[in-house]
Amino acid sequence: MDFKQRVYQLVKKIPPGKVSTYKEIAREMRNTKLGRAVGQALRHNPYPFTTFNKEKQIPCHRVINSNGSLGGFNQGVEQKIKLLNQEGIKIINNKIDLDKYLFKF
DNA sequence: ACGGTGACGCTCA
DNA sequence: TTGAGCGCCACCG
């Protein structure tokens, strides 16, 4: 299993209305130091949010920074915010309330 | 093989 | 409370 594939598998586990962080994902795989590598993987996301195939969809918009900020998004941060709002996640000042929405593996 | 870069994280001043 | 510096792993030229 490729590193990237592992990342995608974990991201797909995130339920609607929840979010996860690079830190948690990295920790789940090996150690928290892998955050950058995780970013690489999602950056090469084969299924952008525009993909309607739910089975293969990778909700990369649910992956945020450990500090609650959205981080980057190759499709545009504004779209990311839209999608998250659409799932009922409140975003304040471009940040997410991790206490409420963080999904832990 | 090597060095640069990135959607990051931690530590310390 | 901020900001700078360093480290980390994977990917690409």
Side-chain angles (χ1 to χ4, degrees):
Chain A
M1 186 70 104
D2 251 3
F3 176 82
K4 288 196 290 188
Q5 299 302 320
R6 295 297 304 271
V7 174
Y8 300 148
Q9 291 296 321
L10 288 173
V11 173
K12 284 196 293 187
K13 287 183 180 177
I14 303 173
K18 293 279 185 178
V19 298
S20 188
T21 66
Y22 293 101
K23 183 181 174 181
E24 289 299 321
I25 293 173
R27 172 185 282 253
E28 191 64 18
M29 296 186 57
R30 187 164 161 74
N31 59 56
T32 59
K33 311 291 177 62
L34 289 174
R36 305 182 86 157
V38 174
Q40 286 291 328
L42 290 180
R43 188 170 181 238
H44 282 277
N45 185 355
Y47 304 103
F49 72 95
T50 51
T51 300
F52 292 98
N53 188 337
K54 291 184 180 179
E55 299 303 320
K56 295 183 178 179
Q57 173 75 338
I58 299 172
C60 43
H61 59 277
R62 295 188 192 134
V63 183
I64 62 176
N65 291 347
S66 63
N67 62 0
S69 63
L70 296 175
F73 195 51
N74 56 9
Q75 305 299 325
V77 178
E78 296 185 3
Q79 286 295 332
K80 192 170 185 174
I81 294 174
K82 263 187 174 181
L83 290 167
L84 291 172
N85 274 324
Q86 197 174 348
E87 296 185 357
I89 298 175
K90 314 289 185 182
I91 299 175
I92 302 173
N93 229 345
N94 285 348
K95 290 187 179 176
I96 293 178
D97 190 344
L98 291 176
D99 292 331
K100 292 183 179 178
Y101 303 111
L102 179 61
F103 170 70
K104 297 171 187 174
F105 299 95

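Source: prediction; values computed, not measured. Each chain gets a letter, A, B and so on, in the order its sequence line appears, and its residues count up from 1.
- Summarising the geometry, the separation between CG on A:Asn67 and P on C:dT1 is reported as 14 Å, rounded to the nearest angstrom.
- Note on A:Leu42: a base of the nucleic acid sits closer than 4.0 angstrom, heavy atoms only.
- The closest side-chain heavy-atom distance from A:His61 to A:Leu84 is below 4.5 Å.
- Ranked by how close their nearest DNA chain C nucleotide is to the 5' end, A:Phe3 and A:Arg36 are led by A:Arg36.
- If you check B:dA7, C:dG7, C:dC11 against the side chain of A:Gln40, the one that comes closest is C:dC11.
- A:Asn74 places its CG atom 12 Å from the P atom of B:dC8, with the value rounded to the nearest Å.
- For A:Ser66, taking side-chain heavy atoms from C-beta onward, the closest of the listed nucleotides C:dC9, B:dC10, C:dG7 is B:dC10.
- Residue whose closest nucleotide on DNA chain B sits further toward the 5' end, between A:Arg43 and A:Lys23: A:Arg43.
- For A:Tyr22, counting side-chain heavy atoms from C-beta on, the closest listed nucleotide (C:dC9, C:dC8, B:dA7) is B:dA7.
- Protein atom CG of A:Asn65 is 15 Å distant from nucleotide atom P of B:dG6, rounded to whole Å.
- The listed nucleotides are C:dC12, B:dA7, B:dC10; the one nearest the side chain of A:His44 is C:dC12.
- Atom CE of A:Met29 is separated from atom P of C:dC8 by 18 Å (rounded to the nearest Å).
- Counting any heavy atom pair closer than 4.0 Å across all strands shown, A:Gly35 reaches sugar-phosphate atoms only and no base atom.
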